[in-house]
A.B. asks: 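What follows is a structure written as structure tokens; I'll ask about it next.
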Amino acid sequence: MIEAIKPEQQNPVAYARTYDSFPPQQPSKKNILRSILVSEKSIELPLNIAPIYQLERHGKYKYFLDLQETEMDLDWVHYQVQDSPIIIGEVIKSRVPIIFRKPVASIAEKWENNSLVLDIEYYAQDFAVCIDPGHGGEQFGSCSPKGLFEKELNLSFAELLQTELENLSIKTVMTRTEDESVSLDERVNFAEEHDAMLFLSIHHNALPDARDPNLERGASSHYYHEQSKPFAKYLLDKITEHTELDFYGLFRQNLHVLRENQDRISVLLELGYLIHPFESELISSPEFQAKTARIVAKAISNFFVEARLAKD
Ligand SMILES: [Zn+2]
């Protein structure tokens, strides 16, 4: 059914909806899901009749909508706003994965105008960053040609980043503040205890023995969960735009601290190759570290704080 545009309307909007268009002589008792309408704070599923369904919460960033008795013929997902914080994943059987880029506090469901409507309430939590300087103690990480260990460089960079973030009034916590061993589980639990919205692990890269350290250089950004990908990419773009580091790559990687930190944005940053003869000189210089810490802090502030203020 196409709703006609009334001439007296100032800002007419036309909707094309076919869901109540079954001819009365052959009414369908079945629901068929053909499209999903996604806006900033709601998801709308036009259907023939009120569906039987189940909404499962899998943490703050992921839900599954299970429409057991609905036939799936999903042709299009219509995003009604640009950069929607909601992503509809690939539908498998009757299950619709819903991924969020902002933490969800609750979802209210209602049946309205022949649509199942999910109204989303996001968290307005204090924004805290958990900085994770990689390695420490017995775990040295990589080593520069001049004998500088990665664990030291990770910590000195993390300290600079902490100062920069606090200058921007962003709350921080650190998984280690000295040269000590911290297990991967402890790092994840620490972020969880402090309810951090962002977990950022700081590393400097090494290479397997068989590779030529002269050939590989640059910064890389790593993520595992889908909600972390946009920030992982944004951060890497800012670093390669504003520093001498080349773009090495954006990688989805099954690393413990990325995989287990599922209730927040979690990104692991490799700030160049410590093993590369020239790059190690660059990345261990205090000037480079100070400048890059400022760029990372600004990127965090732009992505999480200013973008949110602009939308509210
Ligand atoms: Zn490392």
Side-chain angles (χ1 to χ4, degrees), residues 129-162 172-191 196 198-225 228 231-232 235-236 239-240 243-261 264-286 288-289 292-293 295-296 299-300:
V129 179
C130 180
I131 307 171
D132 175 46
H135 313 284
E138 293 304 295
Q139 306 151 328
F140 291 85
S142 60
C143 184
S144 81
K146 287 189 175 168
L148 174 67
F149 290 115
E150 184 197 346
K151 64 174 185 175
E152 297 163 26
L153 203 54
N154 293 343
L155 183 57
S156 68
F157 184 85
E159 284 166 350
L160 291 168
L161 177 60
Q162 180 171 45
T172 59
V173 289
M174 292 242 273
T175 55
R176 69 176 175 97
T177 51
E178 48 196 290
D179 185 15
E180 58 181 346
S181 282
V182 183
S183 76
L184 298 178
D185 267 330
E186 282 169 332
R187 292 170 198 258
V188 173
N189 293 340
F190 185 81
L198 169 65
F199 178 91
L200 184 59
S201 196
I202 305 295
H203 286 255
H204 294 80
N205 226 335
L207 279 180
D209 282 344
R211 306 255 283 274
D212 180 354
N214 287 297
L215 296 179
E216 315 212 17
R217 58 165 79 190
S220 58
S221 188
H222 307 250
Y223 69 96
Y224 180 76
H225 295 289
S228 303
F231 179 66
L235 186 57
L236 185 59
I239 290 167
T240 52
T243 73
E244 296 87 339
L245 285 178
D246 290 332
F247 184 99
Y248 184 70
L250 174 70
F251 302 102
R252 179 167 191 253
Q253 227 176 357
N254 190 355
L255 298 172
H256 186 98
V257 293
L258 299 180
R259 186 187 62 241
E260 299 303 318
N261 257 318
R264 57 195 49 80
I265 307 289
S266 44
V267 171
L268 185 145
L269 205 51
E270 296 274 7
L271 284 166
Y273 278 87
L274 195 55
I275 204 160
H276 188 282
F278 301 117
E279 202 161 84
S280 74
E281 288 294 314
L282 169 73
I283 63 182
S284 56
S285 79
F288 173 86
Q289 289 225 313
T292 309
I295 290 160
V296 172
I300 291 170

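Order of listing sets the numbers, starting from 1, for every ligand and every atom in it. Just so it is clear, the values below take in all heavy atoms, side chains as well, and ignore hydrogens, waters and symmetry mates.
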A.B. asks: Is any N, O or S atom of E270 under 2.8 Å away from the Zn ion (ligand 1)?
C.D. replies: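 No, outside the cut-off.
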
A.B. asks: Only to 10 degrees, please: what angle do the NE2 atom of H135 and the OE1 atom of E150 make about the Zn ion (ligand 1)?
C.D. replies: 80°

A.B. asks: Side chains of residues 133-140: which donor-acceptor pairs under 3.5 Å do they make with residues two or more places apart or in other chains?
C.D. replies:
{"unit_1": "H135", "atom_1": "NE2", "unit_2": "E150", "atom_2": "OE1", "d": "3.2"}
{"unit_1": "H135", "atom_1": "NE2", "unit_2": "E150", "atom_2": "OE2", "d": "3.4"}
{"unit_1": "H135", "atom_1": "NE2", "unit_2": "H203", "atom_2": "ND1", "d": "3.2"}

A.B. asks: If you check every N/O/S atom of H203, which is the one nearest the Zn ion (ligand 1)?
C.D. replies: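 Atom name of the closest N, O or S in H203: ND1.
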
A.B. asks: For a quick check under 3.5 Å, do H256 and D185 share a side-chain donor-acceptor pair by atom type?
C.D. replies: yes

A.B. asks: Is there a side-chain contact between Y223 and L250 (heavy atoms, below 4.5 Å)?
C.D. replies: yes

A.B. asks: Between Y273 and A206, which heavy-atom pair has the shortest distance, and what is it?
C.D. replies: CE2-O, 3.5 Å

A.B. asks: Does H204 bring an N, O or S atom to within less than 2.8 Å of the Zn ion (ligand 1)?
C.D. replies: no

